[in-house]
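Residues take their numbers from the sequence shown, with the count starting at 1. Below, each value reflects all heavy atoms present in this structure, side chains not excepted, and no hydrogens, waters or symmetry copies. For clarity, every value in this text was computed on a predicted model and none was experimentally measured.
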Amino acid sequence: MAKSKGRVTLPSESNFLSQTKELLERWGADAIRDSDGTKLSDDVKELDAKIYTTYFVARGHNDFAQKHMDECQQAFLMSSYTLTTEATVKIEFLKDYFDQQVKADYDHDPKLWWEVYDRTENQLISTDAWYVDQCTDTVIVENCKPFHEYTVSFLAYLIWDPTQMYNHITNDWGDKPHEIPFDVRKQASREYVKDYLKQWLKDNPNTDVVRFTTFFYHFTLIFNNLAKEKFVDWCGYGASVSTEAILAFEEEYGYRLKAEDFVKNGYYNSTFCVPSKQYLDYIDFQQRFVKDRAKELVDLVHEAGKEAMMFLGDNWIGTEPYGKYFPQIGLDAVVGSVGDGATLRLISDIPGVKVHEGRFLPYFFPDTFYEGNDPTLEGIRNWLNARRAIMRKPVDRIGYGGYLSLAYKFPKFVDYIEKVCDEFRTIYDTIQGVTPYCGLKVAILNSWGALRSWHPYMVAHGLYCKQIYSYNGMLESLSGASVDVQFISFSDIMEHGIPSDIDVIINAGDAETAFSGGSVWDDSKLVSMVREWIYNGGGFVGIGEPAAYEKGGHFFQLADALGVDKELGFTLHTDKYFKDVVKSHFITEDIVDEFDFGEGMKNIYALSENTEIIVQSKDEVNLAAHSYGKGRCVYIAGLPYSQQNTRLLMRSMYYAANKEADFKKWYADNLFCEVHVYPSINKYAILNNTNEYQKTKVYDGEGNSVELTLEPGEISWKEISHE
């Protein structure tokens, strides 16, 4: 049988022609790309493949930027908390920041734009009580209250692009120039980016796809005085600020945003913070601006007869792909980094573009490709995790990035990726455009709703974080599960009600975060609405601290429905009698290993004998179920990703939905295997999600079963029998 071709993008570099030709053939690639730090030589560009060229809109143009340093991108930053023991305090507001990235903006009057706060009293200090010493980057505050803490929120210029900075440091680029980011809100910058692109398109006739990386504003990534990350928010709008933006916002909305609206007491509007009205207004405002400016550039690309692709990362703020304005940009394609199944679905579910491409890991950088290491192991892990999600909603293309010369030194890795490329094309050719079988419709309920589809808990893109893995595992499990997933916000259901086709609502997160909801649960209308929905037959799964807000004698405002609550110390005088664990339960029938609730949750207790305690430790509930009218709730203390926890979540949802009888439709009894079904083409696939042999019994949609053994990582395709 002839080797399949296409749907794969290969990274390359100068002086690597013969090896590029070899891997182009072996991996069946039909496109070649450069990467940050590499260039494609003319001989590589002449190969029989589409040429992707990375294009930086607002960085990598130092000749222009150095002449317009007053048009650098900006951010409001906050000094460290400074204790005063006397009536005067000096605050060195820049001392904790990396001076090669950040410098104070003295071009705009600090008295108009900066703010000094007494954080102990949460009180804004009058501008008459402080002044700036520009020679020492110090703010002197007078008439202070001793033993109070003070901060300065100041406007800063960002003079080094943080992604280039990271790559610069990681790859030891030495004296390579620092790329200066500039702001298209400013007139000269706006005209420059259009004029430069027009000329660039003429100068690069061999480029088929312009890969915008990305457009204008970088996600919030600020480095400290040790040149290490100080804070990062992959969805943060902090680096999109300018005096021009604030004045334009005031003209449109009728009120002026302040420094505190951005620094938010040092929280910087983290995605975990319940968003304020001001911040939501600003996000909408910036998305509309970025949409208009980005469309100007995309139109130029199309006029030149080329395709426009956006990288989902770096300078992507304002182009959030689940925002309501994104389709109007007119992009042909989106490409993003695939760290797992959830990030795969983040890409593949994006509306408004024709082509969705995933850049798979590992990146071909020396932190992975070094003597003594086997990058194949990461390649296998990344593919098997992402493949589950591909079976639900495939991306249209896959690819890799970095230095191809590094990967080429690892033959075992090269062999494995050849297999991955062939397997991907088989999956895509079989199921693209086909709706898979879904046993349930599940809604993830939080403050952000659809805007943060598939990435609500993300701090830095796809990276482990101790505080979130117990929640992010829920998304990872769902990314490859046979369920239809929808992301809805509290405001959505307050305005429009709970959609009638939802089987299960999941609310997961720590108390006071945007994901649990915080003070939104102070609204009796919301609480009553969700209670009524469950009572009339809905299913609810709460993970961590769901619906958490201390009020009316409860911490969980849905405690009566969940059957559990969290002890805050206020009711220690009340004995907790209900501690008996059920002998068996539908939810835990597939458990083969120790339970893993991640960081878990302390002091959860059952409210009555009607609560089914399924798992507990040290008299603290980890897993419980409770009937509520016609509906059911399930409580889970935490859910890191694993095959076992995926099965536990699936069973929890089916139980909550009162659909246990349907659970073994298209089901593998080995939890390390999964079944994906495509009724319209009469096909189904059994996946081995491990790199080991697995034996499983597979049930079809009629309850019939067959036993088979799968090789490591195997997909077994079958025809649906209609006998």
Side-chain angles (χ1 to χ4, degrees), residues 338-346 361 377-392 440 442 444 454-458 462-483 485 504 506 508-509 541-544 585-601 614-617 621-624 634-656 663 667-676 686-696 710 712-715:
V338 176
D340 50 26
T343 48
L344 186 287
R345 290 294 296 273
L346 168 60
L361 299 179
L377 299 177
E378 184 178 349
I380 292 171
R381 183 169 59 251
N382 185 246
W383 173 243
L384 292 183
N385 285 345
R387 190 180 65 177
R388 298 179 58 244
I390 288 174
M391 301 301 291
R392 307 310 302 170
L440 298 172
V442 180
I444 311 298
W454 294 112
H455 62 294
Y457 304 98
M458 202 172 288
L463 298 183
Y464 168 84
C465 178
K466 183 176 185 289
Q467 285 74 24
I468 65 172
Y469 78 96
S470 302
Y471 300 119
N472 209 47
M474 172 266 295
L475 290 181
E476 184 63 17
S477 293
L478 290 175
S479 71
S482 297
V483 296
V485 181
V504 177
I506 298 177
V541 175
I543 303 175
H585 201 282
F586 169 83
I587 291 174
T588 53
E589 285 181 11
D590 288 330
I591 298 301
V592 298
D593 206 344
E594 293 293 323
F595 287 99
D596 181 6
F597 298 105
E599 297 305 301
M601 194 57 59
I614 304 170
V615 182
Q616 71 176 359
S617 59
V621 175
N622 301 128
L623 177 63
V634 176
Y635 173 78
I636 307 173
L639 200 80
Y641 175 68
S642 67
Q643 284 96 345
Q644 178 167 285
N645 277 352
T646 296
R647 187 61 61 89
L648 187 147
L649 178 61
M650 289 292 288
R651 283 184 169 273
S652 296
M653 293 187 299
Y654 270 86
Y655 184 79
F663 183 67
Y667 164 84
D669 68 351
N670 181 336
L671 59 84
F672 298 107
C673 301
E674 285 180 314
V675 182
H676 298 274
I686 306 105
L687 271 65
N688 177 357
N689 290 325
T690 73
N691 199 35
E692 301 174 353
Y693 283 93
Q694 297 291 343
K695 180 181 289 186
T696 186
L710 298 173
E714 182 184 356
I715 299 179

Rounded to the nearest 0.5 Å, what's the gap from CE on Met653 to CG on Leu649? Could you check?
4.0 Å

Under a 4.5 Å cut-off applied to non-hydrogen side-chain atoms, are Ile390 and Trp383 in contact?
yes

Those residues at least two apart in sequence (or on a different chain) that pass ring pair (Phe, Tyr, Trp, His ring centres under 6.0 Å) with Phe672 are none

Does the side chain of Leu648 reach to within under 4.5 Å of the side chain of Ile591, using non-hydrogen atoms?
yes

Tyr471: what forms a ring pair (Phe, Tyr, Trp, His ring centres under 6.0 Å) with it, not counting sequence neighbours?
Tyr457

Hits for side chain to side chain donor-acceptor pair (under 3.5 Å) against His676, two or more places apart or cross-chain, chain-then-number order -> Arg392

With sequence neighbours left out, the residues meeting side chain to side chain donor-acceptor pair (under 3.5 Å) with Gln616 are none

Measure the spacing between CG of Leu346 and CG of Leu475 and express it to the nearest 0.5 Å.
10.5 Å

Report the distance from atom OG of Ser652 to atom CD1 of Ile543, rounding to the nearest 0.5 Å.
8.0 Å

Look only at the side chain of Arg345 and the backbone of Ala389, and say whether a donor-acceptor pair between them is shorter than 3.5 Å.
no

Can you name the residues that form a ring pair (Phe, Tyr, Trp, His ring centres under 6.0 Å) with Tyr655, not counting sequence neighbours?
His585

Just by distance, do the side chain of Arg651 and the backbone of Thr588 share a donor-acceptor pair under 3.5 Å?
no

Ignoring hydrogens and angles, state whether a donor on the side chain of Ser477 or Asn645 is under 3.5 Å from an acceptor on the partner side chain.
no

Listed by chain and number, what are the salt bridge (charged side-chain N to carboxylate O under 4.0 Å, His left out) partners of Glu674, not counting sequence neighbours?
Arg388

Starting at CD of Gln694, measure out to CG of Leu687 and round the result to the nearest 0.5 Å.
12.0 Å

Heavy-atom pair of closest approach, residues Gly600 and Ser470
N-OG, 4.4 Å

Listed by chain and number, what are the side chain to side chain donor-acceptor pair (under 3.5 Å) partners of Asn472, not counting sequence neighbours?
none

The criterion is salt bridge (charged side-chain N to carboxylate O under 4.0 Å, His left out); which residues satisfy it with Glu599, sequence neighbours excluded?
Lys466

Working to the nearest 0.5 Å, report the span between CG of Leu384 and CG of Asn689.
7.0 Å

So, Asn670 side chain and Lys695 main chain: donor-acceptor pair closer than 3.5 Å or not?
yes

Under 3.5 Å, is there a donor-acceptor pair between the side chain of Asp340 and the main chain of Asn385?
no

Kindly write out the residues that satisfy salt bridge (charged side-chain N to carboxylate O under 4.0 Å, His left out) with Glu378, not counting sequence neighbours, or none if the list is empty.
none

Partners passing side chain to side chain donor-acceptor pair (under 3.5 Å) against Thr696 (at least two apart in sequence or in another chain)
Asp669

Closest heavy-atom contact between Gln643 and Thr690?
NE2-CG2, 3.9 Å

I'd like to check the ring pair (Phe, Tyr, Trp, His ring centres under 6.0 Å) partners of Phe595; sequence neighbours left out, ordered by chain and number.
Phe597

Pairs satisfying salt bridge (charged side-chain N to carboxylate O under 4.0 Å, His left out), at least one member in residues 634-649, at least two apart:
Asp590-Arg647

If I take atom CD1 from residue Ile587 and atom CD1 from residue Ile614, how far apart are they, to the nearest 0.5 angstrom?
4.0 Å

